[in-house]
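All chains are named by letter (A, B, ...) in the order of the sequence lines, taking the proteins before the strands, and each is independently numbered beginning at 1.
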Amino acid sequence: MDKVRVRFAPSPTGYLHIGGARTALYNYLFARHLNGTLVLRIEDTDHVRSTDESTKAIFESLNWLGITHDEGPYYQSERRDLYKQYAQKLLDEGKAVYQDDPAKGRAVVFKMPEGKSIRMDDLIHGVIKFESKFVGDIVLIKSDGFPTYNFACVIDDSEMGITHVIRGDDHISNTPKQIALYEALGKPVPKFAHIPLIMGEDGSRLSKRHGHTSVGEYKDLGYLPEAVFNFLSLLGWSPGDDTEIMTKDEIIKRFTIERVKDKSAQFNLKKLTWMNSHYIKHKPAEDLFGLAEPYLTKAGYDLSRFPKEKLVRLVDLYRERIKVVSEIAGITRFFFEDAVNYQPEAVDKFIKTTEGKAVLGAVQDELAKITKLEHEPLENLLRSIAESKGLKFQGVAQPLRVALTGSSVSPPIFETMELIGLEKVKGRIKEAIALK
RNA sequence: GCCCCGAUCGUCUAGUCCGGUCUAGGACACAGGCUUUUCAAGCCUGCAACAUGGGUUCGAAUCCCAUUCGGGGUACCA
């Protein structure tokens, strides 16, 4: 079998949409699995809606996801002569005619042959038949001189030697038009695979009102590219067994177009988020810190005050507690800011009680005797305080936690103390005891 | 309206092509429990589906038809 050639052909009229990303992904997976070629083509024939900014954003998102192409990008706006040549050919052969519109001007229109049955054997849907009488004539060149989507698409796919057209379901009804064009041009017809659309969580078409719909938004929120890649690959495809967490290579290895579902899938943010938390848990500490750093900086924290080692340790402690990386900023506030942000409910419950103050007083006294925070001695110390007061360990841990972080929720208390440092720990306990 | 696609737990799906092994499996979510130094994480358990009606067949989630319900298209947008 000759090498397969596929293409991803977005129109630059907005950011890379989740649906578009999945189309790109499936083309990518198909090409890589079969050692073929992925061509990137920008379909900017709508010169009113296309923008360079969108093109750039699409490249960035593709790059972030790790979807790399082998050829291109080609721009349809730079290939107008080519489309005109082919339009002329059809005109000369009497298969197309000029059509004048008093308002818009002169266009070139392909006359759909009558009484024909057009058949396509879709790789995902099987055989689909269309009657030419329902298809209608096709505008080839608009009066602004630009080709229409259907025409440019056929010329390019043909010229670029595309063997498999993998695209969204919404193009099924374009396909008979394109097949008619291939035939009129005497060009071989590629194979088609129409993948179902991604729907919003309420079952309707994915749109802005469903929340985040662009790949860039997920990046900004702190989703990892490998999570989005993995999640998207499973939206409409499965390897056939129960495997869900897979590396890029594993997905490439197992991906076949035949296993793509012919049913539209609903986007499921909670599952993506779960998958993201999985990848966060397994990220090497240094890498995770690298991902967290921008959010920390953006929150206004002065990272230069701390040794990098300590920062890496901090982020590492929180990896099991965050589902998206952006959450790291809010949750580590106690570490970066000198003033503790005491949560009133936590203070009422654990510090303002007589028991709470007594515990903190005892901890304060004991801490005054030591010069270094080490897990084991520290644990013995706190446990003995609990014992002497007839409390469970958490009777000590919770007041202390609130005193140090302002919240009743934090990573394990010993690690938290080590992170904050002995001097600050003492200061905060003193401050907490003084709380009225 | 017309043309086209689709239909398994709330959601993503396995199973459908090659009917019996499916009293329908997994995952997310949800509920309960265990663990525990809080919250998470982790582990265990539970809840929960073959859209409906007709066929074909000894036997249908699997094949056929209809209905219903979703979705797409119907542009000199892509």
Side-chain angles (χ1 to χ4, degrees), chain A residues 9-14 20 43-46 48-50 76 99 101 103-109 122 124-126 128-131 133-136 138-153 167-177 194 196-199 201 203-205 231 234-245 258-259 261-275 277-278 281 318-323 331 346 350 379 382-383 386 392-402 405 407-416:
Chain A
S11 65
T13 54
E43 307 213 325
D44 53 354
T45 53
D46 183 342
V48 177
R49 295 198 300 147
S50 299
Q76 290 188 326
Q99 192 175 81
D101 182 290
K104 299 171 192 160
R106 169 169 274 197
V108 179
V109 178
D122 192 280
I124 294 169
H125 294 273
I128 304 175
K129 285 181 190 156
F130 304 86
E131 296 305 318
K133 65 178 172 183
F134 293 122
V135 178
I138 308 161
V139 174
L140 265 24
I141 305 288
K142 296 181 267 183
S143 44
D144 63 5
F146 280 82
T148 57
Y149 161 72
N150 280 124
F151 190 50
C153 179
R167 75 217 317 187
D169 235 352
D170 50 338
H171 288 290
I172 288 183
S173 37
N174 283 321
T175 310
K177 295 183 184 178
H194 286 96
L197 265 18
I198 297 176
M199 312 303 284
E201 308 214 34
S204 70
R205 192 170 190 177
F231 174 75
L234 254 21
L235 217 50
W237 171 82
S238 92
D241 59 24
D242 296 332
T243 316
E244 297 209 291
I245 300 290
E258 291 76 20
R259 287 204 58 84
K261 284 279 276 194
D262 52 5
K263 178 195 154 196
S264 59
Q266 285 186 31
F267 189 78
N268 185 339
L269 183 62
K270 284 194 169 166
K271 187 148 187 180
L272 200 214
T273 304
W274 162 78
M275 204 167 255
S277 66
H278 170 87
K281 274 173 216 148
Y318 271 101
R319 65 172 349 124
E320 306 228 316
R321 263 155 266 255
I322 57 172
K323 293 188 189 307
I331 212 169
F350 296 108
E379 176 158 6
L382 293 185
R383 286 203 185 275
K392 288 209 279 192
F393 185 70
Q394 56 171 287
V396 173
Q398 284 306 79
L400 190 52
R401 193 185 306 281
V402 178
T405 68
S407 163
S408 58
V409 174
S410 88
I413 194 69
F414 307 110
E415 283 82 352
T416 303

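B/G59 and B/C47 have their P atoms separated by 32 Å, with the value rounded to a whole Å. Taking atom P in both B/C28 and B/C44, the straight-line distance is 11 Å, to the nearest Å. Distance check on atom C1': B/U16 versus B/A24 gives 13 Å, rounded to whole Å. With C1' as the reference atom, B/G32 and B/A48 are 15 Å apart, rounded to whole Å. A distance of about 48 Å separates the C1' atoms of B/G42 and B/A78, rounded to the whole Å. Using atom P as the reference point in both B/A40 and B/A31, the two lie 11 Å apart (nearest Å). Taking atom P on both nucleotides, B/A61 is separated from B/C5 by 25 Å, rounded to a whole Å. Comparing the same atom, C1', in B/G15 and in B/C50 gives a spacing of 10 Å after rounding to whole Å.
Under the Watson-Crick or G-U wobble criterion, with both distances below 3.5 Å, B/G20 is paired with B/C58. Pair check for B/G42 finds B/C34; Watson-Crick or G-U wobble, both atom distances under 3.5 Å. Of all nucleotides present, only B/U68 satisfies the Watson-Crick or G-U wobble test against B/A7, with each distance under 3.5 Å. Applying the Watson-Crick and G-U wobble criteria (two distances, each under 3.5 Å), B/G1 pairs with B/U74.
Distance check, rounded to the nearest 0.5 Å: NZ of A/Lys392 to CD of A/Gln398 gives 11.5 Å. In this structure, A/Asp44 CG and A/Arg49 CZ are separated by 12.5 Å, a value rounded to the nearest 0.5 Å. To the nearest 0.5 Å, the span separating CD on A/Gln266 from NZ on A/Lys271 amounts to 13.5 Å.
Across every non-hydrogen atom of A/Pro196 and A/Asp169, the tightest pair is CA-OD2, 3.3 Å. Heavy-atom minimum distance, A/Thr13 versus A/Ser50: CG2-N, 4.0 Å. Between A/Tyr318 and A/Pro411, the shortest heavy-atom distance links the atoms OH-CD, 2.8 Å.
As judged by a 4.0 angstrom heavy-atom cut-off over every strand, A/Leu272 is placed among residues making no nucleic acid contact. Base engagement by A/Ser408 is indicated by at least one non-hydrogen atom pair under 4.0 Å involving a base atom. Residue contacts for A/Glu244: at a heavy-atom cut-off of 4.0 Å it reaches a base atom on one of the strands shown. Within the 4.0 angstrom heavy-atom criterion, only backbone atoms of the sugar-phosphate kind lie near A/Met199; the bases stay farther away. Using a 4.0 Å heavy-atom criterion, one finds that A/Lys281 contacts the sugar-phosphate atoms exclusively. Heavy atoms of A/Phe134 sit under 4.0 angstrom from primed sugar atoms or phosphate atoms, though from no base atom. If you check every strand for non-hydrogen atoms under 4.0 Å, A/Thr148 touches sugar and phosphate atoms only. Among the protein residues, A/Ser407 comes within range of no part of the nucleic acid, since none of its heavy atoms lies under 4.0 Å from any strand. Among the atoms of the strands shown, none is found under 4.0 Å from any heavy atom of A/Tyr318. Among the protein residues, A/Lys104 comes within range of the nucleic acid bases, having at least one heavy atom under 4.0 Å from a base atom. Counting non-hydrogen atoms under 4.0 angstrom, A/Asp101 reaches a base of the nucleic acid. Note on A/Gly126: nothing from the nucleic acid sits closer than 4.0 angstrom, heavy atoms only. Looking at heavy-atom distances under 4.0 Å, A/Asn174 makes contact with a base. Backbone-only contact: A/Lys323 has heavy atoms under 4.0 Å from sugar-phosphate atoms and none from a base.
If you check the side chains of A/Asp241 and A/Thr243, you find a donor sitting under 3.5 Å from an acceptor.
Nucleotides of RNA chain B with any atom under 4.0 Å from a heavy atom of chain A span, from 5' to 3', B/C2 to B/A78.
Both A/His171 and A/Arg401 sit near RNA chain B, but only A/Arg401 has its closest nucleotide nearer the 5' end. Toward the 5' end of RNA chain B, the nearer of the two residues A/Lys270 and A/Asp46, judged by each one's closest nucleotide, is A/Lys270.
Listed by chain and number, the residues in a ring-ring contact (aromatic ring centres under 6.0 Å, His included) with A/His125 amount to none (sequence neighbours excluded).
For A/Phe267 and A/Phe231, the ring centers sit closer than 6.0 Å to each other.
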